[in-house]
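The structure appears right after this line, and notes come after that.
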There are 2 protein chains.
Amino acid sequence: MYQPTATEENYLKTIYHLSNTGIKSVNTSSIATSMETTAASVTDMLRKLSDKEWINYEKYKGVKITRKGEKVALGIIRKHRLWEVFLTNILDFEWDEVHHMAEELEHVSSEELIKRLDTFLGHPKFDPHGDPIPDQTGKMESHDKFNLSAGEAGEKYIITGVTDHSTLFLKHLRKYGLLPGVTVSIAEIMDYDKSMLVKVNKDKFHLSLEVSKNILIKKYVSSK
Amino acid sequence: MYQPTATEENYLKTIYHLSNTGIKSVNTSSIATSMETTAASVTDMLRKLSDKEWINYEKYKGVKITRKGEKVALGIIRKHRLWEVFLTNILDFEWDEVHHMAEELEHVSSEELIKRLDTFLGHPKFDPHGDPIPDQTGKMESHDKFNLSAGEAGEKYIITGVTDHSTLFLKHLRKYGLLPGVTVSIAEIMDYDKSMLVKVNKDKFHLSLEVSKNILIKKYVSSK
DNA sequence: TACTATTTTTAGATTTGTCTAAATTTAATA
DNA sequence: TATTAAATTTAGACAAATCTAAAAATAGTA
């Protein structure tokens, strides 16, 4: 059993995300784009990851993550999301400020540290962006999320997360108070551009399709 | 102004410690011993650190840390010690368990993070081992510590720190409840081997010179 | 199917930090 | 002071992660 380097951990995390959230097959160039590196660098790394049995890789045939690799990826994702909870809930950072710090903290190796951090935080199930936190065995909740852009006029929803994690987008949402847990009702959907008029608490405002496509929601149910 | 790598930070930290606590001049081999590496590697690194003006270095003449280098070193020491406080006070680790984790956490770059951690912890002045925590400008407390081995029979002292930070030693002290802040009175000092009989709370036990030499104390003053 | 266009891989370099072994410099001692 | 001993530096090599440019394989299309 090998100990992954921080770089290997980052590759596995990216491959895991592309496998699960992306539509296209996980190929060299999609990894290169995600990681802001070159295809040549990715090819080099894929051979290493394959040697260590974290992925199945055949030249020109793309990549499939193995059980072992998934376990590594989920471990990193767990650390990342727990540190994000720590940074927002304990150190009072805003949800759009924590990503970069968590990217560094996730590579701190101690398993015992993360176990105690989890306990200290009260075993949170979701991070500040609404993404589920895997437990020690890799299991996590997954309520059937869908996009706000698929919501219907007159209906009430609860925000559960986002699909765009960029600082720019998160800051934009923060300005409107559009955070996970918040209730939104769709007042009207414009035929012309699919933009929508939404109500949050007493406020009413306009959201472009660009924005609503990147907000995840679930149906509002009054009794919990 | 350069951004130091984690490795450069570790070298500067070691050079700072050797400059301030060690007796001998800071030469290549003492750095190599401290860092468990070879003299050749140290020489390579000294040239890099010198290029970046963190040390003054002349071939064969040893090393002197510059103001700039000292600032970097104190920044790392500040982070290390604040994380140690976090790990013991918040996550309930024992004082002999935190060093390795803090060595990783100290390289997390965000200054804002450490500033907020400091606030969250209540601006502690000392870490769990009794070592002073530098503030943002690099200043720190330094009460005139001396070794328990220099204490006198019949006198009462307060433990303020240790000079040996090894897990083995810290675990040993923990067994006896010999932690910073604890009051110790010396009942008797043996002429033969300079070992001492000490009283801590209701317990009485024997400490070898080897042990007492590595415990730092200050005089006990009843009113605060 | 044949020919582009795209994607992917290889070849060869570079940077950081490390090593061993050899050469050089400084220190110690007869 | 001459010579041995110890410390230090250089030379050359290696592993990890990266890059550019060129070659090879796959996909798309006339």
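Convention: sequence-line order gives letters A, B, ...; per-chain numbering from 1.
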Here the distance between atom P of D/dT18 and atom CE of A/Met35, to the nearest Å, is 7 Å

Separation of D/dA17 atom C1' from A/His107 atom NE2, nearest Å, is 14 Å

Would you kindly give the CG-to-P distance between A/Asp44 and C/dT8, to the nearest whole Å?
14 Å

Please state how far atom CG in A/Leu46 lies from atom P in C/dT10, giving the value in whole angstrom units.
11 Å

Output yes when at least one side-chain N/O atom of B/Thr7 is less than 4.0 Å from OP1 or OP2 of C/dG17, else no.
yes

Looking at the rings of A/Phe86 and B/Phe86, which for Trp means the six-membered one, are their centres under 6.0 Å apart?
yes

Side-chain heavy atoms of B/His107 within contact of B/Glu104, under 4.5 Å
no

Mind checking if A/Thr43 touches a base, just sugar-phosphate, or nothing, with heavy atoms under 4.0 Å?
base

Verify the contact: side-chain N or O of B/Ser29 to OP1 or OP2 of D/dA7, cut-off strictly under 4.0 Å; return yes or no.
no

Just to confirm, is there a sub-4.0 Å distance from OP1 or OP2 of C/dT8 to any side-chain nitrogen or oxygen of A/Lys59?
no

Toward the 5' end of DNA chain D, which comes first, A/Thr38 or A/Lys61, by nearest nucleotide?
A/Thr38

Are B/Asp96 and B/Arg174 close enough for a salt bridge, meaning some N to O gap below 4.0 Å?
yes

Does A/Thr37 have a side-chain nitrogen or oxygen under 4.0 Å from the phosphate oxygens OP1 or OP2 of D/dT18?
no

Side-chain N or O of A/Arg47 closer than 4.0 Å to phosphate OP1/OP2 of C/dT10
yes

Send over the distance from A/Glu36 CD to D/dT18 P, rounded to a whole Å.
12 Å

Check: A/Tyr176 ring centroid to A/His172 ring centroid under 6.0 Å:
yes

Would one find a side-chain N or O of B/Lys48 under 4.0 angstrom from OP1 or OP2 of C/dT16?
no

Would you please confirm or rule out a distance under 4.0 Å between OP1 or OP2 of D/dT8 and any side-chain N or O of B/Tyr57?
no

Taking OP1 and OP2 of C/dT8, is either one under 4.0 Å from a side-chain nitrogen or oxygen of A/Asn27?
yes

Provide, to the nearest angstrom, the distance between the OH atom belonging to B/Tyr2 and the C1' atom belonging to C/dT16.
16 Å

Select base, sugar-phosphate, or nothing to describe what A/Thr28 touches, counting heavy atoms under 4.0 Å on all strands.
sugar-phosphate

Measuring centre to centre across the rings, with the benzene-like ring taken for any Trp, is A/His99 within less than 6.0 Å of A/His129?
no

Rounded to whole Å, how long is the line connecting atom OH of A/Tyr60 with atom C1' of C/dT8?
5 Å

Can you check the A/Glu8 CD to D/dA15 P distance for me, whole Å?
15 Å

